[in-house]
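So the structure is just underneath, and the comments pick up after that.
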Amino acid sequence: MSIANADIAAVFDEIADLLDIQGANAFRIRAYRNAARMLGGLGRSVREMVEHGEDLDALPGIGPDLASKIAEIAATGHCALLERLRKELPPEITALLKIPGLGPRRVRLLHDELGVETLEQLRAAAQDGRISGVHGFGLKTQQRILDAVQSRLQQERRVKLSVAVQVADAILAELAGVPGVKQAVAAGSLRRQRDTVGDLDLLVTIERGSPVMERFTRSSQVERVLSRGITRASVVLRSGLQVDLRAVPPASFGAAWLYFTGSKAHTIALRKLAQDVGLKLNEYGAYRGSRRIAGDTEASVYAALGLPFITPELREDRGEIEAARARALPVLVNLSDLRGDLHAHTRESDGRDSLEAMALAARRRGFEYLAITEHSARLAMARGLDAERLARQIDDIDELNARLEGITLLKGIEVDILEDGRLDLPDTVLTRLDLVVGAIHHRFDLPRERQTERLLRAMDRPHFSLLAHPTGRLLDERPACDIDLPRVLRKARERGCFVELNAQPERLDLDDPACRMARDEGVLVAIDSDAHSVDDFAHLRFGIGQAGRGWLRAADVLNTRPLAELRPLLEATMGRSSRPASPQPAVRADQMAGAR
Ligand code: DGT
Ligand code: CA
Ligand code: CA
């Protein structure tokens with residue numbers, strides 16, 4: 001494991017927080033905070049300094065005590081002081097710090113005065129009006145805390161799709177082995193590929209007498225059984241995730257799968273449509289009077305309503321039923337449509353694998369091209385590249401391209417978009433690349449107008465190909481930054497550059513409605529893995545799921561283009577072509593055919 005400066009900074013920040021909650025000496029706390037900030041901005045790896053036996057005391061603000069802590073963390077990945085502090089304090093108390101407006105001092109106050117140690121206790125204290133009684137807290141603050149804690153609790157109950165899929169696959173494999181189980185499938189938001197999932201909804205078809213419910217509720221991961229009957233059961237897993245299981249006879253499989261896949265809005269709309277044609281629709285089938293006319297497959301139910309099959313990603317009542325009736329459903333992009341990936345890192349910056357390993361992994365996936373896009377120098381904690389290191393990597397890529405068959409590495413950079421919209425590397429350097437991927441990695445908090453201007457200005461640079469993870473959201477920890485997305489997309493269209501759907505499971509950025517907006521604006525979307533290792537190309541399936549929810553077809557996606565078609569599109573974004581900066585005719589024709 002390689003410890004980055006940021007990892008050590010995070011340890012110091014947490015130590016400072018915990019000391020602060022304990023009411024420790026202010027100078028001591030400040031020393032840890034300053035050290036964390038210094039490490040965050042340091043251009044060199046302190047782990048390497050330790051390995052080379054360099055003197056850490058020479059760093060600003062680092063005395064012998066902090067130097068030995070840095071050495072300890074760099075060598076072991078642990079810090080004894082942090083572990084001790086964590087044991088001394090209530091385990092969940094740091095979660096309170098994530099509530100905006102609650103710093104360590106206020107957390108200490110609420111703990112000492114009201115005994116608040118968990119988010120639930122904080123919510124209860126706010127609801128009972130006890131917080132406004134504590135010195136320094138008013139009614140307004142109390143309300144703000146209540147709102148924040150509620151949204152936090154709600155958010156924390158949803159899990160990332162990637163995690164949910166793993167859990168669901170394991171349970172489904174278990175269920176499929178139970179005697180009398182014919183089919184075992186996932187339904188709910190997971191099947192619809194939502195970016196996060198509130199609970200798992202599983203469905204089995206069984207023969208009479210199958211012990212499936214008993215086996216399900218006794219499964220090793222189950223912590224608590226909420227309910228158990230013959231046709232349904234609900235449990236809570238040790239991880240806190242709830243799982244609902246339904247069992248139906250095979251003749252009702254399609255109707256039940258349709259019903260429990262939802263979304264609720266989609267199934268309600270279908271039921272209304274059924275009524276209009278004199279049918280009744282429920283989880284057991286479609287009925288005319290008391291006669292079941294469909295239900296064994298989903299397609300049979302849709303057909304009974306006069307509709308073609310609607311793929312789960314589209315089932316949100318966002319126009320898919322109208323499109324189905326008009327026989328104008330989009331044919332969604334799928335994984336095998338992707339010809340390459342336009343955003344990936346190697347161990348030259350913060351990735352784990354070598355350039356060659358990444359190239360070979362991309363080739364194994366059947367890709368024709370892979371763009372290497374390291375971080376730029378501002379992102380010191382990710383070992384971002386300066387002009388000199390980038391020039392060296394360009395040579396390495398030339399050498400590899402000459403040697404390797406069947407895969408082309410494209411030369412790129414994930415260049416930081418500075419606060420004023422300038423890019424983190426000079427044009428004279430960027431001009432040597434095949435593409436420039438721009439991204440923001442700091443100041444996510446700018447007000448809407450300034451954040452939007454920042455992106456527009458970046459796109460106006462002479463070399464700008466692709467806006468990576470445009471909103472910067474991280475599903476577990478950071479909301480999307482406030483930007484005027486329609487304006488950004490309009491600009492991308494005028495400029496002839498592209499936007500990304502970053503497939504990292506915690507990003508999925510752009511999200512589904514934004515993808516659809518890009519499509520409607522005629523801006524091509526690149527579905528990228530943002531791989532930091534050879535395994536990360538696996539992220540792409542989640543990007544494809546999100547793209548489907550955003551109604552994207554292969555033609556709407558930049559990296560479905562073979563290299564020969566991609567090249568001129570990228571060239572144009574680098575100011576190197578006489579081709580006007582406008583979308584491809586193929587896209588425009590397609591857009592008109594399927595647009596809505
Ligand atoms: P989630 O769990 O919040 O990520 O979202 P879903 O869509 O999985 O919602 P969930 O677990 O409450 O319900 C699963 C499916 O069951 C839902 O998508 C549609 C169906 N369903 C649940 N309650 C109702 C209901 O009251 N009416 C209808 N028509 N369908 C329902
Ligand atoms: Ca669910
Ligand atoms: Ca459910």
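Ligands are counted one by one from 1 in listed order, and the atoms in each one are counted from 1 as well. Treat the numbers as computed from the prediction; the structure is a model and nothing was measured.
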Within the side chain of Arg473, is there an N or O that forms a donor-acceptor pair under 3.5 Å with the backbone of Asp509?
no

Given Glu414 and His469, is the side-chain hydrogen bond (donor to acceptor under 3.5 Å, both in side chains) satisfied, shown in steps?
CA-CA 11 Å; Glu414 182 181 1; His469 40 75; 3.1 Å; yes

Is there a side-chain hydrogen bond (donor to acceptor under 3.5 Å, both in side chains) between Arg194 and Ser189? Walk through the geometry before answering.
CA-CA 5 Å; Arg194 266 196 71 174; Ser189 51; 5.7 Å; no

Have a look at ligand 1 and work out which part of Arg271, if any, has a heavy atom under 4.0 Å from it: side chain, backbone, both or neither.
side chain

Any carboxylate oxygen within less than 4.0 angstrom of a Lys/Arg side-chain nitrogen, looking at Arg86 and Glu14?
yes

I'd like to check which ligand 1 atoms, numbered from 1 as shown, lie under 4.0 Å from a non-hydrogen atom of Val197.
4 (O)

Please list, in number order, the atoms of ligand 1 under 4.0 Å from a heavy atom of Thr261.
18 (O)

side-chain contact (heavy atoms from CB on, under 4.5 Å) with Leu89: of Val107, Asp17, Ile21, Thr94, only one passes, and it is Ile21

Identify the closest protein heavy atom to atom 9 (O) of ligand 1: which residue and atom is it, and at what distance?
Asp201 OD2, 4.6 Å

Counting only heavy atoms on the protein side, is anything nearer than 4.0 Å to atom 12 (O) of ligand 1?
no

Check whether the side chains of Arg448 and Gln451 place a donor and an acceptor atom closer than 3.5 Å, and report yes or no.
no

shortest atom 6 (P) of ligand 1-to-protein heavy-atom contact is with Ser189 N, 3.7 Å

Arg191 to Trp257 six-membered ring, cation-pi geometry met (6.0 Å, 45°):
yes

Check: residues 229-238 side-chain donor-acceptor pairs under 3.5 Å, at least two apart:
{"unit_1": "Ser234", "atom_1": "OG", "unit_2": "Asp244", "atom_2": "OD1", "d": "2.7"}
{"unit_1": "Arg238", "atom_1": "NH2", "unit_2": "Ser220", "atom_2": "O", "d": "2.3"}

Look at atom 24 (C) of ligand 1 and say which protein heavy atom is nearest, naming residue and atom and giving the distance to 0.1 Å.
Lys264 CD, 3.8 Å

For atom 22 (C) of ligand 1, is the nearest protein heavy atom under 4.0 Å away?
no

When you compare the side chains of Arg487 and Thr452, does any donor N or O come within less than 3.5 Å of an acceptor on the partner?
no

Determine, counting only non-hydrogen atoms of the protein, whether one lies under 4.0 angstrom from atom 29 (N) of ligand 1.
yes

Ligand-side contact atoms (ligand 1) for residue partner Gly188, heavy atom cut-off under 4.0 Å
8 (O)

With sequence neighbours left out, write down each residue that passes ring-ring contact (aromatic ring centres under 6.0 Å, His included) with His375, or none if nothing qualifies.
His345, His441

Would the distance check show the side chain of Asp128 and the main-chain N or O of Arg130 forming a donor-acceptor pair, the cut-off being under 3.5 Å?
no

Table please: side-chain donor-acceptor pairs of residues 197-206 below 3.5 Å, with sequence neighbours left out.
{"unit_1": "Thr205", "atom_1": "OG1", "unit_2": "Gln183", "atom_2": "N", "d": "3.1"}
{"unit_1": "Thr205", "atom_1": "OG1", "unit_2": "Gln183", "atom_2": "OE1", "d": "2.9"}

I'd like to know if Leu190 contacts ligand 1, where contact means a heavy-atom distance under 4.0 Å to any ligand atom.
no

Is a side-chain N or O of Asp337 found less than 3.5 angstrom from the main chain of Ala554, in a donor-acceptor match?
no

Close N or O approach (Ile268, ligand 1; < 3.5 Å)
no

Counting distance only, does the side-chain N/O of Arg315 pair as donor-acceptor with the main-chain N or O of Ile310 below 3.5 Å?
yes

Report for the Ca ion (ligand 2), protein N, O or S closer than 3.0 Å, by chain and number, lists Asp199 O, Asp199 OD1, Asp201 OD2

Using a 4.0 Å cutoff against the non-hydrogen atoms of Arg192, which atoms of ligand 1 qualify?
7 (O), 18 (O)

Pull out every atom of ligand 1 sitting under 4.0 Å from any heavy atom of Asp199, numbered as shown with elements.
2 (O), 11 (O)

Would you mind checking which non-hydrogen protein atom is closest to atom 19 (C) of ligand 1, with the distance to 0.1 Å?
Tyr259 O, 3.4 Å

Which residue and atom name correspond to the protein heavy atom nearest atom 15 (C) of ligand 1, and how close is it?
Phe260 O, 3.2 Å

Looking only at protein heavy atoms, what sits closest to atom 3 (O) of ligand 1 is Arg158 NH1, 3.1 Å

